[in-house]
Amino acid sequence: MTLKWLAVVVATISVTLCVTGNAVTLALNGGQLPLLVNLFALVAAATAVVLAVVAELHERLNDRLTALTEFLVERLREIEAHTGDRNSGFVEGYLLSHGQEAAVVPFVRRGRGAAER
């Protein structure tokens, strides 16, 4: 059982026990349960409700992040496939136009001073 539903069950049971206890005490004695028992039940219910809301928000955030991640991965694969074709065609075209002896050399790193050349 997930945290959200466990918190909902705890809140429901807590409120039910508080109301039932007060009803039974009212019917038998004409009074109510001690204040400490009522406060404990209400604090437990309130804490469980807050925990359930936070768990739901966390689940929604996780779902959105998963969807965003899947979208970005698919988009990057699409960009890579498109760019890879373009670059390989450029290199093949360069080699074909300059003959078999043409070598593809990497670009020289920029940003270095003239003293290092």
Next item on the list: Would you mind listing every salt bridge (charged side-chain N to carboxylate O under 4.0 Å, His left out) that reaches into residues 5-34, with sequence neighbours excluded?
Entry: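 Qualifying pairs, neighbours excluded: none.
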Which value, rounded to the nearest 0.5 Å, describes the distance between [X] atom [atom1] and [Y] atom [atom2]?
{"X": "Thr2", "Y": "Glu56", "atom1": "OG1", "atom2": "CD", "answer": "9.0 Å"}
{"X": "Leu65", "Y": "Arg60", "atom1": "CG", "atom2": "CZ", "answer": "14.5 Å"}
{"X": "His58", "Y": "Asp63", "atom1": "NE2", "atom2": "CG", "answer": "10.0 Å"}

Notebook entry, point to check: Among Val50, Val49, Val43, whose side-chain contact (heavy atoms from CB on, under 4.5 Å) with Thr47 holds?
Noted result: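 Single side-chain contact (heavy atoms from CB on, under 4.5 Å) partner of Thr47 among Val50, Val49, Val43: Val43.
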Checklist line | Charged N-O contact under 4.0 Å between Arg77 and Glu80 | finding: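 Salt bridge between Arg77 and Glu80, a charged N being under 4.0 Å from a carboxylate O: no.
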Notebook entry, point to check: Counting heavy atoms not belonging to Leu36, are there more than 12 under 6.0 Å from its CG?
Noted result: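 12 or below, so no.
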Under 3.5 Å donor-acceptor pairs involving side-chain atoms of residues 14-24, not counting sequence neighbours:
{"residue": "Ser14", "atom": "OG", "partner": "Ala41", "partner atom": "O", "Å": "2.6"}
{"residue": "Thr16", "atom": "OG1", "partner": "Thr12", "partner atom": "O", "Å": "2.6"}
{"residue": "Thr20", "atom": "OG1", "partner": "Thr16", "partner atom": "O", "Å": "2.7"}
{"residue": "Asn22", "atom": "OD1", "partner": "Leu33", "partner atom": "N", "Å": "3.1"}
{"residue": "Asn22", "atom": "ND2", "partner": "Cys18", "partner atom": "O", "Å": "3.1"}
{"residue": "Asn22", "atom": "ND2", "partner": "Asn38", "partner atom": "OD1", "Å": "3.0"}

